[in-house]
Amino acid sequence: MIWLIGNKGMLGQELSLDLENLGLKYIGSDRDVSILEPSVLNAFAEKHNPHIIINCSAYTAVDKAEEDRDAAYAINQRGVANIATLAVARDIPLIHISTDYVFEGTSPSPRREDDPTGPTGVYGASKLAGEEEIRKICTKYFIIRTAWLYGRYGANFVYTMIKLMNKLDTLKVIDDQQGSPTWTQDLTGFIGTILSGESEAYGTYHFSGEGECSWHHFAAEIYRLGREKGLICSDCTINPCTSEEFPTPTKRPAYSLMSKEKVKNTFPEYKVPHWKASLYNFLEGITSNDII
Ligand SMILES: NC(=O)C1=CN([C@@H]2O[C@H](COP(=O)(O)OP(=O)(O)OC[C@H]3O[C@@H](n4cnc5c(N)ncnc54)[C@H](OP(=O)(O)O)[C@@H]3O)[C@@H](O)[C@H]2O)C=CC1
Ligand SMILES: Cc1cn([C@H]2C[C@H](O)[C@@H](COP(=O)(O)OP(=O)(O)O[C@H]3O[C@@H](C)C(=O)[C@@H](O)[C@H]3O)O2)c(=O)[nH]c1=O
């Protein structure tokens, strides 16, 4: 039995469907089995006897985290430590999801798993603290750092852009932050590869769509495809701007492209799709009613 924690989130909902399609037995939980309560977690584990845990739960409100530091650390560090402690006690592996925001993003080469970290905000710092708990507590773990995630089942940059592009004549989008967009379905496909092969190649991995772009470049492609597919119904000019011209409470990394070399070498059977192909497929599969 697989235990999927955070099954009501954007990634968790996608993964639930994938596990069903793969015919893998799983049980999901979310806020109903809070990761902040070790006794509640233990009782759930006793009842369902999982052989592996996948943690998709998290505090993900990047800007809000700056003023909600305790909640971000509680969920992204203490909650993760609770899960890790339970996994070790039951001698079962843990698959955990982390983020490109653990990096400062000042050097212009793709981020490798052992590159120095240096988060620029509370969200990234709390996620890094969660990773460190896992490395301290567990041996059988996969920490998958992903980036710029979007998918059908949650608020995300693609949905935000489509909504704004339908409402406004012009839009300013940051062009001096580079990264790699990731479709939830690609990430769940990768997690499926780990599960199906019952891999024991534990460690930290970087996973995102292939290729790189700025948020502006990403937005321009969303607009082009959104227009083509009838999801955006009016003209909108998307102007590039600098981070200074679009101030946010949290400073984001300037360059957080993920190197997928380790994933490709360890799991050659999984072919990482290009972000543009995935964006095309994602927009092909949704209607205006899906946009949150
Ligand atoms: N979204 C993105 O762009 C990226 C996400 N990631 C990482 O990927 C993972 C999945 O992200 P995503 O699907 O977007 O996250 P979501 O915010 O969509 O989902 C997280 C889920 O965890 C739940 N949760 C929060 N607190 C608790 C708790 N105490 N106990 C149990 N469940 C709880 C949330 O509930 P509620 O909604 O009620 O708070 C929510 O259902 C996370 O680890 C995130 O850090 C990495 C890179 C990019
Ligand atoms: C809405 C908007 C955003 N932006 C910029 C701000 C920011 O730099 C960038 C993305 O903004 P968002 O707030 O949508 O994305 P953000 O919350 O920063 O996304 C992050 O979420 C967490 C959970 C992660 O782990 C990261 O990998 C990353 O995906 O786009 C514009 O330039 N113009 C706009 O109109």
Side-chain angles (χ1 to χ4, degrees), residues 4-15 28-37 40-41 44 54-65 68 71-72 74-76 78-80 82-83 95-103 105 119-121 123-124 126-128 130-131 143-165 167-168 170-184 187-188 191 206-208 214-216 218-219 236 238-254 256 258 292:
L4 170 56
I5 299 180
N7 72 333
K8 295 206 164 58
M10 179 170 72
L11 181 63
Q13 289 190 58
E14 189 87 80
L15 189 54
S29 68
D30 202 87
R31 288 264 182 189
D32 50 320
V33 182
S34 177
I35 63 168
L36 304 181
E37 302 291 341
V40 174
L41 284 176
F44 194 87
I54 307 175
N55 179 32
C56 293
S57 73
Y59 183 106
T60 55
V62 176
D63 286 324
K64 201 167 156 230
D68 206 9
I75 296 165
N76 291 343
R78 185 156 58 82
V80 172
N82 291 338
I83 297 170
I95 299 180
H96 174 74
I97 315 298
S98 192
T99 173
D100 57 329
Y101 282 19
V102 299
F103 293 111
T120 55
Y123 164 74
S126 64
K127 290 292 292 183
L128 179 61
E131 288 188 6
I143 294 174
I144 305 172
R145 291 189 186 132
T146 190
W148 298 22
L149 197 62
Y150 65 89
R152 185 164 181 170
Y153 304 105
N156 60 70
F157 184 79
V158 180
Y159 282 170
T160 303
M161 286 297 116
I162 294 176
K163 284 190 291 187
L164 290 174
M165 288 164 185
K167 210 158 60 181
L168 304 172
T170 60
L171 205 56
K172 262 192 341 190
V173 184
I174 291 177
D175 200 30
D176 60 6
Q177 293 171 15
Q178 299 280 128
S180 13
T182 310
W183 183 21
T184 47
L187 178 52
T188 58
I191 295 171
H206 284 180
F207 183 90
S208 69
S214 67
W215 290 109
H216 174 265
F218 190 21
C236 180
I238 304 132
N239 294 314
C241 71
T242 63
S243 299
E244 274 113 65
E245 289 168 321
F246 194 95
T248 52
T250 306
K251 188 173 181 281
R252 269 90 173 156
S256 66
M258 312 296 260
I292 300 166

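Nothing here was measured: the structure is a model prediction, and the numbers come from that model. The first residue of the sequence shown is numbered 1, and numbering continues consecutively from there. First listed ligand is number 1; within each ligand, the first listed atom is number 1.
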Could you measure the distance from the SG atom of C236 to the CE atom of M161? Nearest 0.5 Å is fine.
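That separation rounds to 9.0 Å.
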Test of understanding: with side-chain contact (heavy atoms from CB on, under 4.5 Å), list the residues that count as partners of A155, not counting sequence neighbours.
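A155: no side-chain contact (heavy atoms from CB on, under 4.5 Å) contacts found.
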Apply side-chain contact (heavy atoms from CB on, under 4.5 Å) to S180 and list each qualifying residue two or more places apart in sequence or on a separate chain.
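Scan of S180 (side-chain contact (heavy atoms from CB on, under 4.5 Å), adjacent residues dropped) gives S208, L257, M258, K260.
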Whether F157 and W215 hold their rings parallel, tilted or perpendicular, with breakpoints at 30° and 60°
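Geometry flag for W215 against F157: tilted rings.
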Strictly under 4.0 angstrom, heavy-atom based: which residues surround ligand 1?
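Only K8, G9, M10, L11, D30, R31, S34, I35, L36, C56, S57, A58, T60, I75, I97, S98, T99, Y123, K127, T146, A147, W148, L149 have heavy atoms that fall under 4.0 Å of ligand 1, ordered by chain and number.
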For this output row, return yes or no: ring centroids of H216 and F246 closer than 6.0 angstrom.
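No: the rings miss the under 6.0 Å criterion.
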For D176 and S243, test the side chains for any donor-to-acceptor distance below 3.5 angstrom and give the result as yes or no.
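Yes, because at least one side-chain N or O of D176 sits under 3.5 Å from a partner of the opposite role on S243.
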Please determine, by modelled atom types, if E14 and T188 share a side-chain donor-acceptor pair under 3.5 angstrom.
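The criterion, which ignores hydrogens and geometry beyond distance, is not satisfied for T188 and E14.
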Every pair of nitrogen or oxygen atoms between ligand 2 and the protein that is under 3.5 angstrom apart - can you list them with their distances to 0.1 Å?
{"from": "ligand 2", "atom 1": "8 (O)", "to": "Q177", "atom 2": "OE1", "distance (Å)": "2.8"}
{"from": "ligand 2", "atom 1": "13 (O)", "to": "R252", "atom 2": "NH2", "distance (Å)": "3.4"}
{"from": "ligand 2", "atom 1": "18 (O)", "to": "Y101", "atom 2": "OH", "distance (Å)": "2.8"}
{"from": "ligand 2", "atom 1": "18 (O)", "to": "R252", "atom 2": "NE", "distance (Å)": "2.8"}
{"from": "ligand 2", "atom 1": "18 (O)", "to": "R252", "atom 2": "NH2", "distance (Å)": "3.0"}
{"from": "ligand 2", "atom 1": "25 (O)", "to": "T99", "atom 2": "OG1", "distance (Å)": "2.7"}
{"from": "ligand 2", "atom 1": "25 (O)", "to": "Y123", "atom 2": "OH", "distance (Å)": "2.8"}
{"from": "ligand 2", "atom 1": "27 (O)", "to": "D100", "atom 2": "OD1", "distance (Å)": "2.6"}
{"from": "ligand 2", "atom 1": "27 (O)", "to": "W148", "atom 2": "N", "distance (Å)": "3.0"}
{"from": "ligand 2", "atom 1": "29 (O)", "to": "W148", "atom 2": "N", "distance (Å)": "3.3"}
{"from": "ligand 2", "atom 1": "32 (O)", "to": "I174", "atom 2": "N", "distance (Å)": "2.8"}
{"from": "ligand 2", "atom 1": "33 (N)", "to": "K172", "atom 2": "O", "distance (Å)": "2.9"}

Looking only at heavy atoms, which two atoms of T242 and I174 are closest? And how far apart?
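Nearest pair, atom of T242 first, then I174: O-CG1, 4.0 Å.
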Does this structure show an ion pair linking R252 with D63, if we count only N-O contacts that are shorter than 4.0 Å?
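Salt bridge between R252 and D63, a charged N being under 4.0 Å from a carboxylate O: yes.
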